[in-house]
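Here's the structure, in structure tokens; my notes come after.
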Amino acid sequence: MGNYAKSEPTHYLQVALPTPLRRVFDYLPPKSGIDFLRPGIRLKVPFGPRKLIGILIAITAKTDIPLANLKRVEQVLDEQPIIPKDILELCRWVAHYYHYSLGETLGTATPTALRQGRPVAQQTRKLWRLTYPNAEAPSHIARNAKLQLAAWQLLKQHLKGLHEPMLKSLGVSNQTLSALEKKGEAECIYENLPTLHTMPQSILHEAPLTLNPEQAHVVQQILQTAQQFQVFLLQGITGSGKTEVYLQLIEQTLKAGRQALVLIPEIGLTPQTLHRFEQRFAVPIAVIHSGLNDNERYLAWQKAVDYRVGIIIGTRSAVFTPLAKPGLIIIDEEHDASYKQQDSLRYSARDIAIYRARQANIPIVLGSATPSLESVHNAQTHRYRHLHLSQRAGQAKPPSIELLNIRGETLQAGLSPALQQKITQHLEKGQQVLIFINRRGYAPTLLCHECGWVADCPDCDAHLTIHRQPPHLHCHHCDYQQSIPVRCGHCNTASLFPVGAGTERIEDFLLSQFDPIPIIRIDRDSTRGKTRLQELFSDIHQGKPAILVGTQMLAKGHHFPKVTLVAILDADSGLFSTDFRGLERLGQLVTQVAGRAGRGKLAGEVIIQTHHPESPVLNRLVTEGYEVFAKTLLAEREKLSLPPYSYLGLFRVECKNQEEGERLLLQLRELISQFLQYNNLNGPLGVTLLGPLPAPMEKRQSWYRWQLLISSPSRQPLHTAITFAIHQLEGGTQAMIKLARKVRWSVDIDPQDMM
DNA sequence: AGCACGCCGACT
DNA sequence: GTCGGCGTGCTC
């Protein structure tokens with residue numbers, strides 16, 4: 001026994017690897033031992049027939065794997081943890097909460113460059129200085145070498161050294177510098193980029209604006225708890241100056257020597273917003289958005305950990321940016337759907353941010369004019385502090401909102417006669433009009449008048465959208481495209497015509513109807529190209545009478561001071577959504593779009609076309625505003641035990657073979673059901689199962705989609721049930737594993753929509 | 001997810 | 001004869 005005991009290893013390394021398998025893998029320590037190994041370093045390990053780079057999670061004294069099966073770590077890539085302790089801890093929680101592989105979670109959270117095993121780059125810059133700082137004059141420079149003498153004088157005035165770019169801008173060329181170096185007069189050194197510790201601490205470029213009493217109160221409330229964790233729901237109507245509140249909170253954070261992380265929706269970071277941050281702050285800012293390449297992303301990450309930036313502004317994925325000195329987190333437009341990732345790791349950046357704030361014991365501000373029902377509920381139950389900004393800055397007045405009955409009305413390109421009249425009125429006063437429709441293209445359907453045939457996508461359960469610019473049929477769900485047929489695909493008669501209206505058709509109609517008023521269309525098609533959107537916006541800002549037609553894009557964050565009339569053409573689609581969040585979204589959309597009207601000195605008017613002007617919930621929104629509306633919806637949700645009064649988990653399955661998905665979920669449902677019964681987790685107050693149901697669009701991109709919804713009034717049993725279900729899919733009966741391997745399945749915790 | 005292994009169809 | 005199709009199994 002003694003002999004064998006001696007050869008037993010005393011330590012094992014738990015490694016997270018980039019594989020979808022939801023577990024960590026144990027390895028034997030490298031020959032060099034474990035002395036310098038810390039969680040968060042990268043290790044190269046053999047994995048089956050290949051080599052992978054993983055992250056060391058823990059060093060343990062035990063393993064469940066037979067010694068004979070254990071392999072040895074091949075290479076240690078880092079001396080210092082490349083993933084800071086708090087981020088590692090965060091990722092462990094995220095992987096656990098979303099039931100995802102830790103290795104792949106770390107992959108989502110860190111820049112690709114790190115995962116490839118690239119060494120950590122020291123961020124340095126080149127500094128030139130005099131070799132003999134005490135010399136009164138250069139000893140080796142000829143008297144006629146004027147440039148070199150000038151350079152020497154310059155360096156003499158800056159004995160600490162000057163950076164190469166700076167020298168260039170002062171007119172010193174590389175040639176001059178290398179001449180000085182050759183003569184031993186100057187030398188260049190590499191220094192690490194300065195951190196904010198060593199930087200001269202002027203924080204502001206320009207003075208902050210004066211806050212109105214309401215803003216000042218909000219800032220003061222938040223600063224009072226600035227030293228500890230607290231979630232603030234900052235509900236501020238459009239134009240109430242949320243951004244200025246953010247800026248002043250950030251200013252105080254920077255003054256305290258800490259960093260601020262600011263999350264913004266995917267298309268929320270306009271050049272204007274960024275400009276405003278850069279104008280205000282003298283402190284370096286890192287911007288993290290989808291347009292960055294790997295290397296830029298990596299540099300931004302590195303600057304944040306090294307405390308070389310004071311502010312990090314980014315979209316969803318920026319929530320994983322490590323901070324050297326966390327001080328404040330801001331989530332702007334917290335209700336925005338883009339905070340929820342809709343594939344692979346289906347995380348909510350807002351929820352992860354709240355976890356981070358708790359972890360770092362710092363305040364977090366969720367800002368929105370139209371907060372999500374979840375957040376409103378959390379505010380009502382005092383888990384969040386609810387703060388309000390209800391005054392519009394400047395002279396701007398709140399717009400009037402009217403529900404326009406279009407029942408029985410003849411619509412032209414979706415516009416009722418009454419709306420057309422209104423448009424004329426506003427244009428005649430020299431003002432601008434904004435028309436909102438959530439449908440791009442010319443028309444959503446091509447219909448045969450003879451037989452009723454409709455042009456459908458061959459790969460999706462969806463109609464093809466007609467586009468005119470350029471003319472083609474397009475599937476908005478899978479990108480399938482074809483030319484516009486002349487004859488019906490069924491009866492071959494030439495009586496095809498477009499039904500319904502999208503942005504292009506409305507644009508056409510308005511052009512003919514309101515000539516010569518310019519029509520500016522803003523949707524994904526019209527804004528292709530980097531500067532196109534900016535060009536369109538600058539046209540609008542000229543302030544001449546014009547009609548803007550656009551999709552969602554128009555609802556977000558832009559100022560249009562000359563717009564006095566805003567129309568929503570198809571509010572009804574939100575009233576009858578299959579998704580229980582349809583009404584919430586409609587309310588947010590209406591409020592956000594209405595916020596575009598009358599932000600200048602002129603009063604705004606909002607027209608909502610609907611077939612249901614009597615709808616109590618719409619009326620509540622219009623007459624009493626978003627917050628009362630939200631409370632009405634919350635009461636409704638409570639009755640139906642829907643979120644936030646229950647928690648949801650969704651099993652999604654995609655399969656090529658229509659019935660396989662349903663079969664898998666049926667079996668899974670049966671197993672979960674037994675499990676719940678056995679553990680007394682069922683019953684009306686326990687975990688309930690709904691499905692399998694086909695997804696609202698059953699076929700998409702040639703994949704059939706099925707789902708099984710699991711719901712529970714408390715989180716714990718929901719997660720227990722999901723953990724159990726995943727065990728069945730990954731390691732249950734042979735038949736189950738086999739079926740599960742044939743399809744693509746995934747889990748969505750806190751799903752945002754059932755699409 | 002990868003990647004190897006393995007067992008059946010049309011090809012130089 | 002063999003190249004390669006993707007079903008099946010495994011990864012510490």
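In what follows, chains are A, B, ... by sequence order, proteins preceding strands, each numbered from 1.
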**Item:** Base-contact (B) and sugar-phosphate-only (S) positions in nucleotides 5-12 of chain C, heavy-atom cut-off under 4.0 Å, - elsewhere
**Value:** ---SS-BB
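The pair D748(A)-K340(A) meets the salt-bridge criterion, since a charged nitrogen lies less than 4.0 angstrom from a carboxylate oxygen. Of the charged side-chain nitrogens involved, at least one lies within less than 4.0 Å of a carboxylate oxygen, so that R42(A) and D78(A) count as a salt-bridged pair.
Applying the ring pair (Phe, Tyr, Trp, His ring centres under 6.0 Å) test to Y12(A) and every residue at least two apart in sequence or in another chain returns nothing.
Using a distance-only test at 3.5 Å, with no hydrogens or angles considered, a donor-acceptor pair links the side chain of R297(A) to the main chain of H289(A).
dC3(B) atom C1' lies 14 Å from atom NZ of K51(A), rounded to whole Å.
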**Request:** Show your working on ring pair (Phe, Tyr, Trp, His ring centres under 6.0 Å) between H476(A) and H467(A) and close with a plain yes or no.
**Result:** CA-CA 11 Å; H476(A) 286 180; H467(A) 285 249; 5.2 Å; yes
